[in-house]
Amino acid sequence: MVVEVSATDSYDADGDDDEVLSKAQIPKVARRHRQSPYPLISVEQAQAKVMSNAFPLSSETVKTTEALGFSLFEDVYAKEPIPPFPASVKDGYAVIAADGAGPRRVIGLSCAGVEPHLQEVFSGACMRVNTGAPMPPGADAVIQVEDTKVIVESDDGSEEIEIEILKAPSEGQDIRPKGCDISMGELLFTQGQYVGPSEIGVLVSAGVMEIVVHKKPLVAVLSTGNELQSPFDPQLLEGHIYDSNKVTLLSLLKQHSIPAFDAGIAKDDPTHLLRLIRRALRKADILVTSGGVSMGEKDLLRPVLLTDLKAKVHFAQVFMKPGKPTTFATCVFNGKSKLILGLPGNPVSAVVTSHLYLLPLCRKMSGVSDYHSTIIRAKLASKVRLDPRPEYHRVTLSWSSADNLPTAHSTGKQMSSRLMSMASAQALLQLPPTTKEMPILPAGSVVEAIILNI
Ligand SMILES: Nc1nc2c(c(=O)[nH]1)N[C@H]1C(S)=C(S)[C@@H](COP(=O)(O)OP(=O)(O)OC[C@H]3O[C@@H](n4cnc5c(N)ncnc54)[C@H](O)[C@@H]3O)O[C@H]1N2
Ligand code: MOO
């Protein structure tokens, strides 16, 4: 049984890709394997093999404003306190709390965006303040405008001369002291933190305008199969289909801020496949292919990887639906480690396995410490018939405040060719394989669900 083929040799890609010929021996159709020579492993085992082969990449410095989707290479500390000055929380009046309730003379205005007022608030006086404005010296409380009334105004009503405070303020009321959100030098985020929109906001507000991040892996996406036509071809030829996997996978990677490029469509010809793989591996850290990994005589990926690229195939059969023939290999190409995920060609299989293997792998290689997908529990809206393989059933989720768990609604027929089942999906239910005792899960059953797109 072929289980793992050693990759001690490095593949040297010198020479023109257009000249190279595959040496892969493709078995004659009558002599092909009738059973896969690879053991059927669990999803957990497959994930562990993929993750243990993720290799760290180097770091780079980026502008914080352009850091969305990166993860921090090192801990980051605040360069400024937030707020940088004691600030009013309300539109109202800066006062001295000890003066209590009663009349006050209005001596001026401190509004957001001006330098802290030099004029001091003294006993019996107050200063108008806006939300976010610096507190004037002398004042130790803010009284909101709702708790005051005007006693004397200027003739034209454009100035308040005297007001009455209706409720006695307490010291510190409605003031954000300097550094109360974040103090100067405080640890903001530790290394491995994913940089999302709010992290960028925190960093910029604390004066951190550049950060050191992990480089992201570059992914090449390759489709395989003679039946495939580019979406840019004006007319679909007989017996052909549009290559939807490549654009779906490229879009998925884009959605997750992972850099990726189109590596083309390989014909069912080992030499053409090898040429496109070589071209892709010259640049990419990870090569993702779809199709050509099952039991057909045109399933050429593994022979080419093993023979021509001296790759080590870690697994090629996973006990899951969809995604059974998912293949994972590693090789050394031009002296550099490369990871190859051979996803099944069926469109749903390619997307589901991307969520289970490709995205966590990319997150881990991008340095994200929490690279696992989020899993919740959900209740089935209706019964489901279980499959002999553990199934990743596509669902939408709804929430009613009367329930303690979200409800999962199937997206309909779950054939791995029907991408519509994935189109509106918000989660993948992790259904157990069928047993004699339990062929069906009844409505209301609670199952675990992988949340998509977060
Ligand atoms: N004898 C067996 N046959 C099959 C088995 C098996 O265990 N024994 N497994 C089945 C399962 S499960 C899957 S999944 C598929 C996977 O096959 P391949 O990965 O080899 O994919 P292909 O045969 O190349 O294509 C399958 C299907 O997907 C369409 N396809 C392929 N690429 C694209 C693309 N880029 N865009 C859109 N659609 C694509 C292709 O035309 C086929 O219809 O194998 C089963 N067979
Ligand atoms: O495992 Mo295949 O991916 O069912 O269609």
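Computed from a predicted model, the values in this text were never measured in an experiment.
Judged by distance alone, the side chains of Ser373 and His355 never bring a donor and an acceptor atom under 3.5 Å apart.
Between the CD atom of Gln47 and the CZ atom of Phe315 there is a distance of 9.0 Å, given to the nearest 0.5 Å. For the atom pair NZ of Lys383 and CD1 of Ile440, the computed distance is 5.0 Å after rounding to the nearest 0.5 Å. Interatomic distance, Ile286 CD1 to Ser337 OG, rounded to the nearest 0.5 Å: 12.0 Å. In this structure, CG in Leu361 is found 9.0 Å from OG in Ser366, a value given to the nearest 0.5 Å. Atom CG of Leu339 is separated from atom CZ of Phe328 by 5.0 Å, given to the nearest 0.5 angstrom. Of the inter-residue distances, the one linking His409 atom NE2 with Lys379 atom NZ reads 10.5 Å to the nearest 0.5 angstrom.
Contact of the Thr224 side chain with the Leu301 side chain is not registered, since no non-hydrogen atoms from C-beta on lie closer than 4.5 Å. Using a 4.5 Å cut-off on side-chain heavy atoms (C-beta onward), Thr326 and Leu343 make contact. You'll find the side chain of Leu203 reaches within 4.5 Å of the side chain of Leu188, heavy atoms only. Using a 4.5 Å heavy-atom threshold, the side chains of Met420 and Thr411 count as separate. Counting only heavy atoms from C-beta outward, the side chains of Val221 and Val247 never approach each other to under 4.5 Å. Val195 places none of its side-chain heavy atoms less than 4.5 Å from the side chain of Thr64. Between Gln191 and His214, the closest side-chain pair of non-hydrogen atoms falls below 4.5 Å.
More than 12 heavy atoms of other shown residues, nucleotides or ligands fall within 6.0 angstrom of atom CE in Met209.
Residues meeting the salt bridge (Lys or Arg N to Asp or Glu O under 4.0 Å) test with Asp91, sequence neighbours left out: none.
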| request: Go through the steps to decide whether Met422 and Leu452 satisfy the test side chain to side chain contact (heavy atoms under 4.5 Å, CB included), and finish with yes or no. | output: CA-CA 10 Å; Met422 192 75 211; Leu452 299 171; 3.5 Å; yes
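Each side chain to side chain donor-acceptor pair (under 3.5 Å) pair with one or both residues in residues 235-251, not counting sequence neighbours, appears once here: Ser223-Asp243, Asp243-Lys246, Asn245-Ser290, Lys246-Asp262.
No donor-acceptor pair under 3.5 Å is formed between the side chain of Thr307 and the backbone N or O of Ala24.
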